[in-house]
Every structure is written in C-alpha cells, then in structure tokens.
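In what follows, a structure is listed as structure tokens, so that the remarks can point back to it.
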Amino acid sequence: MRALETKHIRRRTLIGTICTALIGTLLAQALLISAVEDDRLNEIVTPKATYPKGVWYSGRDGQVTVTFDVNKRGKVQNPCITHSTYPGIFDLYALQAVKDYRYENLTRPREIIEGVSTTVHFTLDSNPRDYVSPKYPYAALEFGFQGYVVVKFAVKPNGEVRNLSTAAAVPAEVFEDAALVAARQFRFEPNQFLKRDTIHHKFVFSLDSKPNNLVIPEYPDQAKEDGMQGHAIVNFDITSEGTVDGAFVVYSSDPLFDQPAVDAVSQFTFDPNNPAQNVHHKVEFILNRNYRALTKGVPRYPREAVLNGTEGYVVVSFDVDERGTVDNLSVLEAEPPDVFNAAALTATAQFSYLPKYVDGKPVRVQGERNRLRFALGTLYPSTPQNAQEVRRQGRRGQSANPRRQSTAEDRRPESMRSIKLDPIYELQLTGDYDDGSVIVQFDVNGAGYVEGPKILEVIDTSLPEEITERILDEVSFFWYAPWIENNRPKTVYGVKHRIELTFVDD
C-alpha cells in the first residue's frame with residue numbers, strides 16, 4: 001500500500017468531519033458521502049452500501065470511514081478502514097461499496113491521488129416526507145405477537161414508492177402485509193433518490209411501550225372468582241408532556257379486562273422529549289404463574305483473557321422484578337477473581353423473564369443465581385509441553401515454523417472460533433515508544449473470522465517484536481458480520497484496517 005502521509009490523512013479527516021456535520025442525515029438510507037472536496041476528482045459512480053442482513057433485528061444506525069487512493073484511471077485502490085461506530089457490523093459492507101467507487105481523475109498529467117477519505121452511513125429509517133404507521137394485525141394482538149419487518153423498495157422521481165417487497169420479517173407471515181400496506185403510502189421529496197437506489201425501512205411491532213412507571217391493574221373480582229386469565233391491548237398517544245392521551249382497548253380476551261387495562265395505562269408516564277402516536281401496550285391479567293426465562297445474554301469474552309488463554313467462571317446473584325427485568329446484581333463467586341466479573345454482570349443484566357404472578361399481581365423474585373462459564377474450548381490434540389505453543393499459534397495466526405507458509409489449520413483452533421472480539425481502531429499499549437499507527441491486512445472468511453493477519457505498514461513509530469505480536473493477537477480474534485452476496489456468505493480478501501497506537505509508561 002502506498003504510504004499514507006499522516007498530515008494528508010489528518011487534513012482530510014478534518015474536512016470529512018466538517019462535511020459530515022453539514023450534510024448530517026439528509027439521505028436516510030445507506031449511502032456514501034464524499035469527505036474530500038478535491039478539485040482533482042469528479043465522482044462518477046458511488047454505489048450504495050448494502051445493510052448487513054445479519055443485523056436486521058438491531059436496526060442500528062452507524063457509519064464507517066474508509067481511506068483509499070485513486071489511481072490515474074479513477075479506480076479505487078488500497079482501501080483501508082479507519083473508523084467504525086459499531087466495529088465489525090458494517091465494516092465489510094462499507095469496504096465492498098467503496099471498492100466499486102469510480103472517479104474521473106482530473107489531474108494533468110494524471111497522478112495517483114492518495115489519502116482520499118469517505119464516510120459510509122447505514123440506517124433502516126428511510127425518513128419519508130409522509131410517514132404512515134402500519135396497522136397492528138388483529139391476529140397478532142390476539143396472540144400477543146411482537147416482531148419486525150424490513151421492507152425494500154425504489155422511489156420514483158415524483159417521490160412515490162415502487163418495486164416494494166419484504167426483505168426480512170420476524171416472525172414470518174405475521175406482520176408483512178401490514179408493513180407493505182404502510183410503506184406503499186410513503187412519499188418522499190421528488191428526486192431524493194436515484195432510480196437505481198434500493199431503499200430499506202424497518203417497522204417494529206411492539207406491545208411493550210416501556211413506560212417510566214409500572215402500574216399494576218386491578219384484577220376484576222368476577223374474573224378472579226371465575227379463575228379467568230387473559231390480556232388486553234391498549235392503544236394510546238404519548239403527549240409532549242410525557243402523559244397518556246386517548247387510551248382505548250383494541251383487543252381483549254374478555255370485556256371484564258377492558259376498563260382496568262385502560263385505567264392502568266392512563267397512569268403511565270414517558271419521556272416528554274419523545275411524543276408518539278398509535279402506541280400499543282399489552283396488559284396481562286394472570287392469577288398465578290412462576291417466572292420463566294425468555295432470553296439470556298451471551299457474555300463477551302474479555303480481550304485480555306482471550307489473549308492470555310484464561311478460562312474460568314462467575315456465579316452471579318440477581319433479582320427478577322415485576323416486569324421480568326433483572327436488577328440487584330452481584331458476584332457471589334469468581335474463578336479467577338476479577339477477570340470475568342464485568343462481562344458476567346453485563347450479560348446477566350440483559351436477561352429477561354416472564355415475571356412471577358401471585359394472586360393476580362406480579363411479584364419480585366429475589367436471590368436468583370446463574371453460573372456463567374468462560375471457556376476457550378479444547379485445543380488441537382497436543383502434549384502438555386506444546387499446548388501453550390498451539391494456543392500461541394492460534395492467537396497469532398502464524399505457524400511455529402517461520403519458513404513454512406501458514407495454513408488455515410495453523411491459524412486458530414476451530415474450538416476457539418466461538419470467541420468474537422470487536423475490531424479495534426485504537427489500542428493502548430504499555431511501553432516507552434512513540435505513538436503511531438499500523439495498517440494490518442487479512443482475509444475475512446464466510447463465517448466472519450480473520451484469516452492470515454499481518455502488519456502491512458507501521459506509521460510514525462517503530463515497534464519491537466513483542467508489540468507486533470500483541471497486535472496480531474488482537475487482530476486474529478476480530479469478528480465481522482460476514483459479507484453476504486446473492487444470499488451466500490463469501491470470503492473478503494485483502495481487508496486493510498488501521499489501528500491507532502497510544503503508549504503509556506509502565
């Protein structure tokens with residue numbers, strides 16, 4: 001890769017920041033914004049980035065900055081990822097889009113233009129001028145279904161929607177029709193999008209309005225005497241004062257539950273900065289039920305523990321409150337101490353439960369325990385004396401014999417493939433060295449894992465072998481949302497990634 005002079009990158013990054021701030025979110029679909037006002041270049045083709053299919057559910061908005069060179073024929077070369085708001089999620093998709101950039105090189109005589117910077121934005125909010133809320137399907141209200149739908153479409157020059165279809169739906173065959181009916185009525189500003197652009201929009205269907213306060217409805221005496229259980233769905237608006245307005249029942253399993261449900265919801269309060277219309281909330285009427293786990297978060301393996309090959313466990317104590325959320329967390333036992341505690345507590349805080357009910361009211365469950373194990377898995381069959389070397393090879397992505405080309409089998413034990421570390425763009429290290437940066441290069445396979453990492457370039461500093469090994473240790477465990485083309489995951493070759501290095505004294 002051609003030397004990326006620091007002063008060029010810093011100057012263009014500043015320009016990119018200013019341009020991004022000015023343009024903001026004018027275009028609400030994954031798109032590329034040129035971060036360089038350079039009269040030596042004229043944009044010809046700037047294709048949209050595809051929103052990663054594997055992360056539809058999260059619906060995150062994010063951006064990725066890519067720096068590259070433009071050759072004499074106007075083609076992009078040496079693209080390098082330099083920043084990402086959600087490392088690993090959008091990176092490959094931004095990189096693949098930038099590779100297809102085409103420019104007219106206006107230099108005479110033509111020269112290679114280095115250090116061009118571009119920011120790729122991702123969102124699932126198409127931001128129509130005229131938005132239409134989808135109607136909650138009656139069957140979904142009856143069974144208490146929740147989910148989401150991602151639709152895709154193109155936009156006519158006059159702002160109308162065309163070529164509308166479903167890109168993703170969870171659960172399937174429940175909310176698709178309602179989402180398509182709503183999206184078909186969207187209207188955009190004329191000529192906001194190009195004819196070839198594919199736009200995505202995510203509709204969320206939720207029956208939990210997440211109020212600030214929990215209000216327990218009064219259980220109707222007649223329903224309690226008859227042993228009747230069920231639920232009611234209340235529709236309402238949230239005012240600019242954070243109060244409920246116009247609450248009414250859109251579904252109930254029995255009319256006895258209607259008024260208690262409306263009375264409870266009418267007492268909800270919300271953030272006044274987020275008014276909303278057509279909000280749904282499910283009010284349950286349950287006599288007796290034990291609590292039950294719905295979801296459990298998977299703990300993230302701490303970086304240092306991965307690099308050091310450390311395994312262990314944590315026993316966490318917590319309560320399950322009346323909403324089914326977790327609080328009052330504490331560590332009862334940990335081995336080794338203080339290594340996995342934070343990761344275990346963070347994961348446990350994401351647990352969700354069906355709350356426990358006693359005599360028609362939800363109650364708190366105290367002192368629940370959960371044991372979280374952190375294991376790297378069994379390595380290749382090996383003798384005790386070479387087990388440490390095998391683990392080191394797995395981290396570094398290198399062969400024990402430096403003269404032999406490393407193979408996929410050398411790079412990392414398959415049992416360690418479940419360990420996923422977010423890519424890093426800044427790394428703090430210990431040592432008396434100048435701050436600088438490195439450009440690493442590697443392939444990302446169809447499962448999202450790094451293969452064959454190597455340091456391609458060291459900028460503004462010099463690094464001893466132990467530091468380069470530490471960097472390769474980190475990189476070998478990076479994980480990316482896999483690149484999917486034509487519904488099939490594919491390997492992305494020659495990914496370049498810049499890491500800023502900061503050194504602190506021992």
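The figures that follow rest on heavy atoms only: side chains count, while hydrogens, waters and symmetry mates do not. Predicted model, so just to flag it, every value in this text is computed and none were measured. Here, residue 1 is the first one in the sequence, and each next residue gets the next number.
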Treating T468 as the side-chain partner and E465 as the backbone partner, does any N or O pair qualify as donor plus acceptor under 3.5 Å?
yes
When you look at NZ of K282, are more than 12 heavy atoms from neighbouring residues, nucleotides or ligands closer to it than 6.0 Å?
yes
Expected output: side-chain H497 to main-chain I424 donor-acceptor under 3.5 Å:
yes
For the side chain of Y93 and the backbone of F122, is there at least one donor-acceptor N/O pair under 3.5 Å apart?
no
Taking the side chain from D319 and the backbone from G367, do they hold a donor-acceptor pair closer than 3.5 Å?
yes
Where the side chain of D435 meets the backbone of F503, is there a donor-acceptor pair that is under 3.5 Å apart?
yes
CG/N290: more than 12 non-hydrogen atoms of other groups inside 6.0 Å:
yes
For K152, is the NZ atom crowded, meaning more than 12 foreign heavy atoms sit under 6.0 Å from it?
no
Within the supplied structure, the quantity of interest is the number of heavy atoms (other residues, nucleotides, ligands) at a distance under 6.0 Å from R292 CZ; does it exceed 12?
no
Report yes if the side chains of R369 and F318 come closer than 4.5 Å at any heavy-atom pair, otherwise no.
no
Please identify which of these residues, D422, L421, V306, meets the side chain to side chain contact (heavy atoms under 4.5 Å, CB included) condition with R300.
D422
Should the ring pair F68 and Y101 be called parallel, tilted or perpendicular, given that the plane angle runs from 0 to 90° and is split at 30 and 60?
perpendicular
Check the pair H200, Y51 against ring pair (Phe, Tyr, Trp, His ring centres under 6.0 Å), reporting the backbone distance first and the verdict last.
CA-CA 8 Å; H200 290 89; Y51 197 101; 7.4 Å; no
Find out whether R364 and D327 are in side-chain contact, i.e. whether some heavy atom of one side chain is under 4.5 Å from a heavy atom of the other.
yes
Decide whether K490 and N445 meet the rule of one side-chain donor and one side-chain acceptor closer than 3.5 Å.
no
Which value, rounded to the nearest 0.5 Å, describes the distance between D460 atom CG and L501 atom CG?
10.5 Å
So, E466 and R470, do they make that salt bridge, N to O below 4.0 Å?
no
Under the criterion salt bridge (Lys or Arg N to Asp or Glu O under 4.0 Å), I'd like the reasoning laid out for R323 against D321: C-alpha separation, chi angles, the key distance, then a yes or no.
CA-CA 5 Å; R323 294 187 182 190; D321 70 12; 5.8 Å; no
Check the surroundings of atom OH in Y131: do more than 12 heavy atoms from other residues, nucleotides or ligands lie under 6.0 Å from it?
yes
Any side-chain heavy atom of I81 sitting closer than 4.5 Å to one from V64?
yes
Tell me if the CD atom of E304 is crowded by more than 12 foreign heavy atoms within 6.0 Å.
yes
Main-chain N/O of Q63 paired to T85 side chain as donor or acceptor, under 3.5 Å
yes
Could you tell me whether the side chain of Q146 and the main chain of F205 form a donor-acceptor pair under 3.5 Å?
no
Nearest 0.5 Å please: distance from the OG1 atom of T491 over to the CG atom of L92.
10.5 Å
Are any of the side-chain heavy atoms of I233 and H281 separated by less than 4.5 Å?
no
Just checking, any donor-acceptor pair under 3.5 angstrom between side chains of K296 and N370?
yes
Mind checking the CD1-OG1 spacing from I439 to T67? Nearest 0.5 Å is all I need.
8.5 Å
So F203 and V151, do their side chains get closer than 4.5 Å, heavy atoms only?
yes
Do the side chain of N486 and the main chain of R488 share a donor and acceptor less than 3.5 angstrom apart?
no
Could you grab the distance from atom CG of D271 to atom OG1 of T269, nearest 0.5 Å is fine?
10.0 Å
Working note: K75 + D69, criterion salt bridge (Lys or Arg N to Asp or Glu O under 4.0 Å); need CA distance, chi angles, decisive distance, verdict.
CA-CA 8 Å; K75 293 185 177 181; D69 304 333; over 6 Å; no
Would you say that T166 contacts V149 through its side chain, given a criterion of any heavy-atom pair below 4.5 Å between the two side chains?
yes
If I take atom CZ from residue F478 and atom NZ from residue K420, how far apart are they, to the nearest 0.5 angstrom?
15.5 Å
Within 45 degrees of the axis of the six-membered ring of Y313 and under 6.0 Å from its centre: does R373 put its NZ or CZ there?
no
Exactly one candidate in C80, S117, S84 meets side chain to side chain contact (heavy atoms under 4.5 Å, CB included) with T65; the answer is S117
Side chains of P453 and V440, heavy atoms from C-beta outward: is any pair under 4.5 Å?
no
Is the distance between the ring centroids of F153 and H201 under 6.0 Å?
no
Do T346 and P299 touch side chain to side chain, with heavy atoms closer than 4.5 Å?
no
What about the rings of Y136 and F175, do their centers lie closer together than 6.0 Å?
yes
Counting distance only, does the side-chain N/O of R498 pair as donor-acceptor with the main-chain N or O of V438 below 3.5 Å?
no
Would you please indicate if the ring centroids of F374 and Y301 are separated by under 6.0 Å?
yes
Nearest-0.5 Å distance, CG of residue L124 to CG of residue N127
13.0 Å
For the side chain of D434 and the backbone of S462, is there at least one donor-acceptor N/O pair under 3.5 Å apart?
no
